[in-house]
Number of protein chains: 2
Amino acid sequence: MFSKACEYGIRASIFIALNSFEGKRVNPKEIASEIDSPVAFTAKILQALVKHKVINSVKGAHGGFEIEKNKINSIKLSDIVDAIDGNTIYEGCGLGLKACDEARPCPMHDKFKTVRDELKTMLESTNLETLALDMKGGDTFLKR
Amino acid sequence: MFSKACEYGIRASIFIALNSFEGKRVNPKEIASEIDSPVAFTAKILQALVKHKVINSVKGAHGGFEIEKNKINSIKLSDIVDAIDGNTIYEGCGLGLKACDEARPCPMHDKFKTVRDELKTMLESTNLETLALDMKGGDTFLKR
DNA sequence: TATAAATAGGATAAATTTATCCTATTTAAA
DNA sequence: TTTAAATAGGATAAATTTATCCTATTTATA
Ligand code: FES
Ligand code: FES
């Protein structure tokens, strides 16, 4: 469904949000350990998320990655997916035609579009705050 | 969403079904041309579909790929996806955890599972006959 | 101001997916 | 029985994704 990079990116963002609630910055090493991902690859993904303004980075001593507290509830899963995997999951044809075009649809179009739109709605209506709070309660996990 | 191989596999299966209705076998070259895919790679995918008994192959002169007419309406999209991409799209964790486990769910689990299950239902309730008949009517297309 | 801690980013490597090419085998028909 | 047409399958290559490593730059603090 999503690329590895995107999976790591979402997991990392949730972990960063969780820590940002407590005013704590985190570094790639800690993130990778908590989400069970390769650290250098994770660092690259964090760079991309910074570039897309999903998260913030602070360089130098006492630096790290964070998300402004008051922004956590406005960052949607779709923002992260957009930043890393782009929009093909939302807009692309399920059978891989060059574009999904109502005027010249593939045989799967009608049924696929329904599911794809629900995925889009789900990702656009789920924010980091919601996800992080579940974790805080100990109900959900970022690795297993 | 699906791999390229899977996209080609579905498109090829629909085209084969369409021809099998008229008792006509088709070869990789014709298939690749009609679904706009690389011919040798498509041939490999056809082999896999034969191995998984989604389609039939007939070797030698006058051979080609076909689907038994009375089987066309029992072959579901999920059969093709299973054969090529396996079951991670149905069973796997959306955030890439080693397994999707209700007892230790990822933060996206509840919302993701809903969408994933709908995708599964869609793929399991859509058969090749339905898809091919739409195409016969000229309402849908396998390339653009 | 020197040092240590931290992210940024370039270069490269490994793994996987996508794609091509060639030969072997099978089969219908001349 | 020979030939031509067709799928099967192995070997290889290209492209993309995933992953690692090293150096540059930035910044707080001693
Ligand atoms: S054209 Fe294929 S999903 Fe819309
Ligand atoms: S545990 Fe992640 S989707 Fe179920």
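Note on naming: letters A, B, ... go to the chains in the order of the sequence lines (proteins, then strands), and numbering restarts at 1 for each one.
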Would you classify B:G63 as touching base, sugar-phosphate or nothing, given that sugar-phosphate means primed atoms plus P, OP1 and OP2, and contacts are heavy atoms under 4.0 Å? sugar-phosphate

Where the side chain of [X] is concerned, which of [options] is the nearest nucleotide?
X: B:K44; options: D:dG10, C:dG9, D:dA8; answer: D:dG10
X: B:A61; options: C:dC21, D:dG9, C:dT27; answer: C:dT27
X: B:P38; options: C:dT18, D:dT7, C:dT20; answer: C:dT20
X: A:K59; options: D:dT26, C:dT18, D:dG9; answer: D:dT26
X: A:K4; options: D:dA8, D:dT18, C:dA28; answer: D:dT18

Bend angle of the helix from C:dT1-D:dA30 to C:dA30-D:dT1 from five-pair axes at both ends, rounded to 10°?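 The value is 10°.
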
Do A:K69 and A:F21 form a cation-pi contact, if we require the NZ or CZ to be under 6.0 Å from the six-membered ring centre and within 45 degrees of the ring's axis?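 The answer is no; the distance or angle limit is not met.
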
Look at the side-chain N and O atoms of A:S57 and state whether any lies under 4.0 Å from the OP1 or OP2 oxygen of C:dA6.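 Looking at the OP1 and OP2 atoms of C:dA6, neither is under 4.0 Å from any side-chain N or O of A:S57.
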
Would you say A:Y8 places a side-chain N or O within less than 4.0 Å of OP1 or OP2 belonging to D:dT18? no

Earlier contact from the 5' end, DNA chain D, for A:V58 and B:V26: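 Looking at DNA chain D, the more 5' nearest nucleotide goes with B:V26.
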
When the nearest nucleotide of DNA chain D is assigned to A:S37 and to B:P28 on a heavy-atom basis, which residue is associated with the more 5' position? B:P28

Answer yes or no: is there a side-chain heavy-atom contact under 4.5 Å between B:R144 and A:D101? yes

Could you check whether any side-chain heavy atom of B:L49 comes within less than 4.5 Å of a side-chain heavy atom of B:I16, counting everything from C-beta outward?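 Result no, sub-4.5 Å side-chain heavy-atom pair not found.
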
Tell me whether the rings of B:Y8 and B:F41 are parallel (<30°), tilted (30 to 60°) or perpendicular (>60°).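 Perpendicular, since the angle between the ring planes exceeds 60°.
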
A:K143 vs B:K98, side chain to side chain contact (heavy atoms under 4.5 Å, CB included): CA-CA, chis, key distance, verdict: CA-CA 8 Å; A:K143 61 177 175 183; B:K98 280 160 196 150; over 6 Å; no

[N] [atom2] sits how many Å from [X] [atom1], rounded?
X: A:F65; N: C:dA6; atom1: CZ; atom2: P; answer: 12 Å
X: B:F2; N: C:dT18; atom1: CZ; atom2: P; answer: 13 Å
X: B:I55; N: D:dT7; atom1: CD1; atom2: C1'; answer: 11 Å
X: A:L49; N: C:dA8; atom1: CG; atom2: C1'; answer: 14 Å
X: B:F41; N: D:dA15; atom1: CZ; atom2: P; answer: 15 Å
X: B:I84; N: C:dT18; atom1: CD1; atom2: C1'; answer: 13 Å
X: A:I35; N: D:dT18; atom1: CD1; atom2: C1'; answer: 14 Å
X: A:H62; N: C:dT7; atom1: NE2; atom2: P; answer: 13 Å

Got a list of side-chain donor-acceptor pairs under 3.5 Å for residues 24-34 of chain B, not counting sequence neighbours?
{"unit_1": "B:K24", "atom_1": "NZ", "unit_2": "B:E30", "atom_2": "OE2", "d": "2.9"}
{"unit_1": "B:R25", "atom_1": "NE", "unit_2": "B:E66", "atom_2": "OE1", "d": "2.9"}
{"unit_1": "B:R25", "atom_1": "NH1", "unit_2": "B:H62", "atom_2": "O", "d": "2.9"}
{"unit_1": "B:N27", "atom_1": "OD1", "unit_2": "B:K29", "atom_2": "N", "d": "3.1"}
{"unit_1": "B:N27", "atom_1": "OD1", "unit_2": "B:E30", "atom_2": "N", "d": "2.9"}

Can you tell me if A:R116 uses its side chain to pair, donor with acceptor, with the backbone of A:G92 under 3.5 Å?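 Side chain of A:R116 to backbone of A:G92, a donor-acceptor pair under 3.5 Å: yes, one is there.
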
B:T140-B:D134 side chain donor-acceptor pair, cut-off 3.5 Å: no

Nearest-nucleotide check on DNA chain C, A:N27 vs B:V39; residue mapping nearer the 5' end is A:N27

